[in-house]
Amino acid sequence: MTEQTVTLPGGIVMPEGHFINNRFVGSLSSKSSSKLINPTTEDVLCELPQGDVSDVDAAVDAANAAFTSSAWAGLPSHERGRLMFRLADAIEANRDTVARIESINVGKPIAESFPYDLNQVIRVWRFFCRLCRQILGQASQHRQRCRRLR
C-alpha cells in the first residue's frame, strides 16, 4: 500500500492519516474527512481523514501493546532515556521544518514558533529524557548512599 501524502505551503510534504502502530493509515471505517485550514489565510491546506471509534480503539490497542511489550517494558530506564534523546535530537536537527509546520498549523509567525516555542519543546523533552535516569528507585538509592557518607 502506497503512503498518501499532503503538501503544505513551502513544499513541506507530510504523510496523511492517523499514526497507528508505527505507520500512517487511513480511517478504518469512516469515509469522512476534515479540512485543514490555515488560520492566517483561511486557505484550505488539505483534507485529512476523520477517525471514529474503531480508529481510536486501534490506536489505543497498538499503544497498549507497545507499552507493555518486553521490547519497551523490559528496557532499562536509561535505555528508554537514550531512545527519547534520539527523538529530541531529531526535532533539533529538523527544527526549521518543525517550526514552519507549527506556524502553518496555528497561524503563528515563524519568529515566534522559532526560536521560542520549538526551543521550549526541545528543552522540556530533554528534561524528561534526563528523568529516565532517575526512575525505578535509582535516585533513591543514590540518596541513601549519600546519607551514609554524612
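The model shown is predicted, which means the values in this text are computed figures rather than measured ones. The figures here come from the full heavy-atom set of this structure, side chains too, leaving out hydrogens, waters and symmetry mates.
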Asker: Closest approach of Leu28 and Ser54, non-hydrogen atoms and distance?
Answerer: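 What the structure gives for the nearest pair is CD1-O, 3.5 Å.
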
Asker: For Gln50 and Ser34, which I'm curious about, is there any donor-acceptor pair between the side chains at under 3.5 Å?
Answerer: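 The criterion, which ignores hydrogens and geometry beyond distance, is satisfied for Ser34 and Gln50.
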
Asker: A quick test of your reading: do over 12 heavy atoms of other residues, nucleotides or ligands sit less than 6.0 Å from CZ of Phe19?
Answerer: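 Count over threshold, so yes.
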
Asker: Restricting to non-hydrogen atoms, name the atom on Ile104 and the atom on Leu8 that form the minimum distance, rounded to 0.1 Å.
Answerer: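 Here Ile104 and Leu8 meet closest at CD1-CB, 4.3 Å.
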
Asker: Membership question, hydrophobic clusters at under 4.5 Å side-chain separation (ILVMFWY): are Leu48 and Met14 in the same one?
Answerer: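 Met14 and Leu48: one cluster.
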
Asker: Test of understanding: clusters of I, L, V, M, F, W, Y form through side-chain heavy atoms closer than 4.5 Å, transitively. Do Phe85 and Leu87 belong to the same one?
Answerer: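 Not linked; separate clusters.
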
Asker: Give a yes or no on whether the backbone of Lys108 and the side-chain of Ser103 come within a donor-acceptor separation of less than 3.5 Å.
Answerer: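 Indeed, once roles are kept as given, a pair shorter than 3.5 Å links the two residues.
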
Asker: Is it true that a side-chain atom of Asn94 and a backbone atom of Ala90 form a donor plus acceptor pair closer than 3.5 Å?
Answerer: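 Checked: pair present.
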
Asker: Quick test of your reading: applying side-chain hydrogen bond (donor to acceptor under 3.5 Å, both in side chains), list the pairs with at least one residue in residues 118-128, sequence neighbours left out, ordered by first then second residue.
Answerer: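 Passing the test, one end in residues 118-128: Asp89-Arg126, Glu92-Arg126, Arg95-Asn119, Gln120-Arg123.
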
Asker: State, yes or no, whether a side-chain contact exists between Val6 and Val13 at a heavy-atom distance under 4.5 Å.
Answerer: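 No, their side chains stay 4.5 Å or more apart.
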
Asker: What are the two closest heavy atoms between Asp55 and Gly26, and how far apart are they?
Answerer: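 Closest approach of Asp55 to Gly26, heavy atoms only: OD1-O, 4.2 Å.
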
Asker: Are Val98 and Val124 co-members of a hydrophobic cluster defined by side-chain heavy atoms under 4.5 Å apart?
Answerer: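 Looking at the clustering, Val98 is in the same group as Val124.
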
Asker: Counting only N and O atoms by type, is there a donor-acceptor contact under 3.5 Å from the side chain of Ser77 to the main-chain atoms of Cys132?
Answerer: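 Yes, because the side chain of Ser77 sits within donor-acceptor range (under 3.5 Å) of the backbone of Cys132.
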
Asker: With a 4.5 Å limit on heavy-atom distance, are the side chains of Val121 and Asp117 in contact?
Answerer: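 No, every pair of side-chain atoms sits at 4.5 Å or beyond.
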
Asker: Would Val106 and Ile110 show up in the same hydrophobic cluster when neighbours are defined by side-chain heavy atoms closer than 4.5 Å?
Answerer: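 The answer is no; the residues belong to distinct hydrophobic clusters.
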
Asker: Tell me whether the count of non-hydrogen atoms from other residues, nucleotides or ligands lying under 6.0 Å of CG in Asn64 goes above 12.
Answerer: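 Atom CG in Asn64 is packed in, count exceeds 12.
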
Asker: Determine whether a donor-acceptor pair (N or O, by modelled atom type, separation under 3.5 Å) exists between the side chain of Thr5 and the backbone of Pro15.
Answerer: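 No, because the side chain of Thr5 does not come within donor-acceptor range (under 3.5 Å) of the backbone of Pro15.
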
Asker: Side chains of Trp72 and Leu83: closer than 4.5 Å at any heavy-atom pair?
Answerer: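 Side chain of Trp72 against side chain of Leu83, heavy atoms only: contact under 4.5 Å found.
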
Asker: Flag yes if more than 12 heavy atoms outside Arg130 fall under 6.0 Å of its CZ atom; otherwise flag no.
Answerer: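 Enclosed.
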
Asker: If we ignore hydrogens and angles and just use 3.5 Å, is the side chain of Asp43 paired with the main-chain N or O of Leu45 as donor and acceptor?
Answerer: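 Side chain of Asp43 to backbone of Leu45: no pair is present.
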
Asker: Taking all non-hydrogen atoms of both residues, which atom of Pro49 and which atom of Ser27 are closest, and how far apart?
Answerer: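 Closest pair (atom of Pro49, atom of Ser27, distance): CB-N, 4.2 Å.
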
Asker: So do the side chains of Thr7 and Ile12 get within less than 4.5 Å of each other, counting heavy atoms only?
Answerer: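 Sidechains of Ile12 and Thr7: no contact.
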
